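To keep things clear, I will list the structure first and then write my remarks on it.
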2 protein chains.
Amino acid sequence: MKLSHQTFNIEKFKVSCANCNLAELCLPRGLEKGDLEKLESIIKRAKPLQRGDYLFRTGDHFHAIYAIRSGAVKVYKTTSDGDEQILGFHLPGELLGLDAIEKKKHVCTALALETSSYCTIPFSRLEEMCNLLPGLQNQMYRLMSRELSTDNESLLLLGKKSAEEKVTTFLINLSTRLHLLGYSATEFRLPMSRQEIGNYLGLTIETVSRIFSRLQNKKYISIDHKQIQITDLDALHNLCGGRNGNQIT
Amino acid sequence: MKLSHQTFNIEKFKVSCANCNLAELCLPRGLEKGDLEKLESIIKRAKPLQRGDYLFRTGDHFHAIYAIRSGAVKVYKTTSDGDEQILGFHLPGELLGLDAIEKKKHVCTALALETSSYCTIPFSRLEEMCNLLPGLQNQMYRLMSRELSTDNESLLLLGKKSAEEKVTTFLINLSTRLHLLGYSATEFRLPMSRQEIGNYLGLTIETVSRIFSRLQNKKYISIDHKQIQITDLDALHNLCGGRNGNQIT
DNA sequence: CGCGTCGTTGAAGCCGCTCAATAGATGTGG
DNA sequence: CCACATCTATTGAGCGGCTTCAACGACGCG
């Protein structure tokens, strides 16, 4: 290897959707090799975010959408009286910022829950490229459509379900998404605090904590701080209100 | 007028986005006259729906999106145990069915709350046309982005707000949207039942009714069945939790 | 070690739900 | 036209799930 250390670092940040194991979940899905190279040419991979760093904030000028490559990011709105409502937690392969297209300004804030890497996709160039690559345009519609679907699932979650159903649905949803990424569906680390879970689900931190304890007493799960093990996935499914747990937001 | 009665009826259903007073709110927004004609060529205007008619149902094959021209439509999901969660009420100028693109199947049901007319826009032809008309493609992104934004507002509504805040936010939202359509912002007819309002807001019919009564006692509104008059819009705004009420779902 | 943050658990209170009764609106058939 | 049934909406009484308030333990960091 003749590359100097310096050069190597630059190489590390060069984009290669072709080699990215998330390609099938992300924007490149369904593109041919040649088209993939065109798409890569407009994508920039930036220095990873540290825990607590902002990806974008409410009011920021919108110029690009972002694809999470690793880590976890929370997206939230801040109300006039200062407190926040978390709208979703985003894992690798998911696109952020699509809701900012209309107003050309970000309407939410995105913050890294842990060290997270991401790709930046300038929107105006993406739009141009969609005109050239119908497959890419179709994938954009699909991804936006999917986000609409998952938002609808969230509405159902908040509107109809009890606290216990909310928490179990949340766990199963997370489990499903992690499994899709190749991780264990039954053993993982929660990237967010109880506070953040409660906020997302429209519950208090105490209620979340109590329900975790209750699920643990029933031997459905086992929790050590943020490390969680699902010991009876079927039982959890049954608590979700019959269906569901496959939403992706 | 030389047209026979027969001919006149056919003419009535011919599309003309150019003459549609909703054009600036709907898909044609921002298109030049020539491009508008191209768009019109793929749009079909169908016979109006009667109250209780379905526009589409969960599981239906997705082949087109729909634009409401008049009336009001509710969109809901049905849970496995049979009851429904209403996701939104749609007024003229709004697009329906965008959340079905990904799965190529409708994931919700859309039902007319009153006599409603609409346009049908075949999606595959729309996609082709977006490749030819960058302005149209941009408008599609904007409209989908806006729906994502309004879904987020709904999440905030369901997650953070009290029953009173939910109901007042709902009223102000409706008032704002009707005003945008050229109707009175302070006097209108609710196209949905108390039951449906409660379902949408995650409340029972009794709670909705009580809050309407309370708002009436405070002289903020005046209700006669479905006919509603807002007598103190500012007071309602203050009840919303400081901000908000500008979501469009 | 001391401090702050996070999470757990208990006790009490309140908001919204459930159950129930009633009235008004709507529709139907005689 | 009225009698009757049905559906929607309103209002009250009581209950329960979740929140609020509070105390305490565990962990991380200076």
Side-chain angles (χ1 to χ4, degrees), chain A residues 50-52 74 81 83-86 111 113-115 157-171 189-218 220-229 239 241, chain B residues 50-52 74 81 83-86 111 113-114 157-171 189-218 220-229 239-241:
Chain A
Q50 296 305 308
R51 175 180 166 79
K74 74 168 174 180
D81 42 355
D83 52 22
E84 69 184 47
Q85 170 67 46
I86 296 177
L111 183 142
L113 293 171
E114 55 191 44
T115 305
L157 176 70
L158 285 175
K160 270 252 165 331
K161 302 201 178 188
S162 69
E164 190 172 76
E165 289 171 335
K166 285 178 180 178
V167 173
T168 52
T169 304
F170 172 76
L171 286 178
R189 196 176 167 283
L190 297 172
M192 69 294 285
S193 69
R194 305 285 193 274
Q195 175 68 50
E196 287 164 328
I197 296 172
N199 182 303
Y200 172 62
L201 296 174
L203 301 171
T204 59
I205 177 174
E206 294 94 330
T207 302
V208 173
S209 182
R210 272 184 255 270
I211 287 173
F212 275 164
S213 300
R214 199 191 305 167
L215 293 178
Q216 200 163 206
N217 288 337
K218 291 183 186 170
Y220 295 169
I221 63 173
S222 143
I223 295 196
D224 176 33
H225 302 100
K226 303 211 157 176
Q227 193 64 30
I228 189 162
Q229 187 174 2
L239 285 184
Chain B
Q50 295 304 309
R51 174 181 167 81
K74 74 169 172 179
D81 41 354
D83 52 22
E84 70 184 46
Q85 169 68 45
I86 297 178
L111 183 142
L113 293 172
E114 55 190 46
L157 176 70
L158 284 175
K160 271 252 166 331
K161 301 200 178 187
S162 68
E164 190 172 77
E165 288 171 335
K166 286 178 179 178
V167 173
T168 52
T169 303
F170 172 77
L171 286 178
R189 196 176 167 282
L190 297 172
M192 70 294 286
S193 68
R194 305 284 193 273
Q195 175 69 50
E196 288 164 327
I197 296 172
N199 182 303
Y200 172 63
L201 296 174
L203 300 171
T204 59
I205 178 175
E206 295 95 329
T207 302
V208 173
S209 183
R210 271 184 256 272
I211 287 173
F212 275 164
S213 300
R214 199 190 305 168
L215 293 176
Q216 201 164 205
N217 288 336
K218 290 184 187 170
Y220 295 168
I221 63 173
S222 143
I223 295 196
D224 177 34
H225 303 102
K226 304 212 158 176
Q227 193 64 31
I228 188 162
Q229 187 174 2
L239 286 185
C240 282

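Computation of the quantities below employed the complete heavy-atom set of this structure, encompassing side-chain atoms and omitting hydrogens, waters and symmetry-equivalent molecules. On a predicted model such as this, the values are computed, not experimentally measured, just so you know. Within every chain, numbering begins at 1; the chains are lettered A, B, ... in the order of the sequence lines, protein sequences first and strands thereafter.
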**Asked** Between CG of A:Leu171 and CZ of A:Phe212, what distance do you get to the nearest 0.5 Å?
**Response** 5.0 Å
**Request:** Round to the nearest Å and state the distance from B:Ile228 atom CD1 to D:dT10 atom P.
**Result:** 10 Å
Every protein N/O within reach of nucleotides 23-29 of chain D N/O, cut-off under 3.5 Å:
none

**Item:** Closest non-hydrogen atom pair, A:Ala163 against A:Thr207
**Value:** CB-CG2, 3.9 Å
**Message:** Could you tell me how far apart B:Arg51 (CZ) and D:dC7 (P) are, to the nearest whole angstrom?
**Reply:** 13 Å
**Request:** Please round to 10 degrees the angle between the axis of the first five pairs and the axis of the last five pairs in the helix from C:dC1-D:dG30 to C:dG30-D:dC1.
**Result:** 30°
**Request:** Indicate yes or no for a side-chain donor-acceptor contact from A:Arg189 to the backbone of A:Gln227 under 3.5 Å, with no hydrogens or angles considered.
**Result:** no
**Fill in**
Bounded by its outermost nucleotides with an atom under 4.0 Å from a heavy atom of chain B, the footprint on DNA chain C reads C:dG16 to C:dA25
Could you go through nucleotides 13-18 of chain D and list every protein N or O atom that sits under 3.5 Å from one of its N or O atoms, giving the distance for each pair?
from	atom 1	to	atom 2	distance (Å)
D:dC18	OP1	A:Ala163	N	2.8

**Message:** To the nearest 0.5 Å, what is the distance between CD1 on B:Ile221 and CD on B:Gln216?
**Reply:** 6.0 Å
**Length of the line joining B:Glu206:CD and D:dA9:P, which is rounded to integer Å** = 11 Å
**Request:** Give A:Lys166 one of three labels, base, sugar-phosphate or nothing, depending on what nucleic acid heavy atoms sit under 4.0 Å from its own.
**Result:** nothing
**Message:** Can you pull out every salt bridge (Lys or Arg N to Asp or Glu O under 4.0 Å) where at least one residue sits in residues 192-216 of chain B? Sequence neighbours excluded, please.
**Reply:** B:Lys74-B:Glu196, B:Glu164-B:Arg214
**Message:** Which residues pass the side chain to side chain donor-acceptor pair (under 3.5 Å) test with B:Ser209, not counting sequence neighbours?
**Reply:** none
